[in-house]
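Nothing here was measured: the structure is a model prediction, and the numbers come from that model.
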Amino acid sequence: MTDKTDQAPEDQAPGKAYRNLEFLESASARALRILSEYIEPNSRFSHYKIEDTIIFFGSARILSREEAEAGLKTAKAEGGDVAAAERKLEMSRYYEDTRELARRLTEWSKGLTQDDRRFVVCSGGGPGIMEAANRGASEAKGLNVGLNISLPMEQNDNPYISRELNFEFHYFFMRKFWFAYLAKAVVVMPGGFGTLDELFELLTLVQTDKIRKHMPVVLFGSQYWADVINLEALERYGTISAEDLELFFRTDSVDEAYDFITDQLQSYALDIPGPRL
């Protein structure tokens with residue numbers, strides 16, 4: 001009688017393809033990996049009755065006021081770069097404004113007479129502005145979403161995301177799909193390349209009617225955006241239309257952002273639940 005432990009691997013029964021990690025991570029299975037980043041999040045969103053979201057974009061490098069104050073204190077005490085620390089403290093206002101706005105929007109959405117969860121705060125799941133958005137929603141005791149992505153730096157999931165709605169994507173385009181598909185409003189805080197990429201992709205989709213739903217976009221931080229991108233110059237040179245400058249609302253006020261978003265959602269989205277483009 002042959003001992004099964006002595007059988008060569010080729011004599012053993014073949015394993016199932018969906019359990020073959022080498023195959024699943026290969027180029028041949030790329031379509032399956034892409035599909036999984038649609039099906040698995042969709043299953044979770046459906047299970048937790050997430051109908052739609054309010055997206056927050058912004059820099060991963062912006063610190064909370066507490067962290068920035070501590071950094072400035074250390075720089076002064078140890079002869080560090082005081083100017084850089086002062087700039088971080090100045091920029092920390094956007095962390096705190098994001099935190100307050102996300103908290104207020106979450107409290108508002110929880111007060112709606114809906115069985116499903118409407119207008120849930122969603123971020124890219126990392127530190128900085130993303131953390132501030134999840135933190136504010138968490139402080140309002142609301143479920144919130146983090147759409148993380150695997151990156152070599154600056155992207156670790158923050159501790160304020162609702163654990164059941166903490167996602168990790170490999171493909172940028174699948175992460176962007178979920179941003180756009182669920183969003184009914186967008187808040188764009190100061191940020192770098194990633195934030196600019198997310199902002200301009202959404203504006204392009206809205207401009208070209210690839211996103212057909214009403215999508216209010218708030219550009220928060222008037223001076224920052226005026227310094228970083230001269231949007232009026234695009235219209236002046238004729239590369240966009242004058243009405244394209246009306247695709248977003250600029251403000252420096254949490255109150256104004258809150259009033260604008262809630263008014264827009266009540267007018268255009270409250271009676272149309274569910275994800276859509």
So which of Tyr38, Phe173, Phe167 actually passes ring-ring contact (aromatic ring centres under 6.0 Å, His included) with Trp178? Tyr38
Might you confirm whether atom CD of Glu66 has over 12 heavy atoms from other residues, nucleotides or ligands at distances under 6.0 Å? no
Backbone N/O of Asp255 and side chain of Ser253: donor-acceptor pair under 3.5 Å: yes
Side chains of Asp244 and Gln207: do they bring a donor and an acceptor to under 3.5 Å? yes
Which atoms form the tightest heavy-atom contact between Ile55 and Thr53, and what is the distance? CD1-OG1, 3.5 Å
If you measure from the Lys or Arg side-chain nitrogens to the Asp or Glu carboxylate oxygens, is any gap between Asp81 and Lys88 under 4.0 Å? no
By salt bridge (Lys or Arg N to Asp or Glu O under 4.0 Å) - contacts of Arg103 (at least two apart): Glu107
Which heavy atom of Gly125 sits nearest to which heavy atom of Asn134, and what is that distance? CA-OD1, 4.2 Å
The side-chain contact (heavy atoms from CB on, under 4.5 Å) partners of Phe172 (sequence neighbours excluded) come to Ile149, Leu151, Arg175
Does one side chain, of Ser64 or Glu67, offer a donor that lies under 3.5 Å from an acceptor on the other? yes
Tell me whether Asp252 contacts the main-chain N or O of Ser222 through its side chain, where contact means a donor paired with an acceptor under 3.5 Å. yes
N-O pairing of Glu201 and Lys176 below 4.0 Å: yes
Taking only Lys NZ, Arg NE, NH1 and NH2, and the carboxylate oxygens of Asp or Glu, determine whether Glu232 and Arg250 approach each other closer than 4.0 Å. yes
Given Phe169 and Tyr171, is the ring pair (Phe, Tyr, Trp, His ring centres under 6.0 Å) satisfied, shown in steps? CA-CA 6 Å; Phe169 289 86; Tyr171 296 104; 9.5 Å; no
Would you check if there is a donor-acceptor pair between the side chains of Asp157 and Asn166 at a distance under 3.5 Å? yes
Salt bridge check, Arg33 against Glu37: does any charged N sit closer than 4.0 Å to a carboxylate O? no
Would you confirm whether Lys213, through its side chain, and Tyr181, through its main-chain N or O, come within 3.5 Å as a donor-acceptor pair? yes
Under the rule for side-chain contact (heavy atoms from CB on, under 4.5 Å), what residues qualify as partners of Val206, not counting sequence neighbours? Ile211, Met215, Leu247
Just so I know, are the side chains of Val186 and Val188 near enough to count as touching, which here means a heavy-atom distance under 4.5 Å? yes
So does Glu96 pair up with Arg99, basic N to acidic O under 4.0 Å? yes
Would the number of heavy atoms belonging to other residues, nucleotides or ligands and lying under 6.0 Å from CD of Glu22 be above 12? no
Of all heavy-atom pairs linking Leu147 and Phe45, the shortest is CD2-CZ, 4.3 Å
Is there a donor-acceptor pair under 3.5 Å between the side chain of Ser26 and the backbone N or O of Phe23? yes
Does the gap between the ring centers of Phe119 and Trp108 come in under 6.0 Å? yes
Check: Gly142 main-chain N/O paired with Thr106 side-chain donor or acceptor under 3.5 Å: no
Should Glu69 and Lys73 count as an ion pair when the cut-off is N to O under 4.0 Å? no
Hey, are Asp97 and Arg65 close enough for a salt bridge, meaning a charged N less than 4.0 Å from a carboxylate O? no
Under a 3.5 Å distance rule, please check whether Arg118 uses its side chain to pair with a backbone N or O of Ala269 as donor and acceptor. yes
Please check if the side chain of Thr195 supplies one atom and the backbone of Phe57 the other of a donor-acceptor pair under 3.5 Å. no
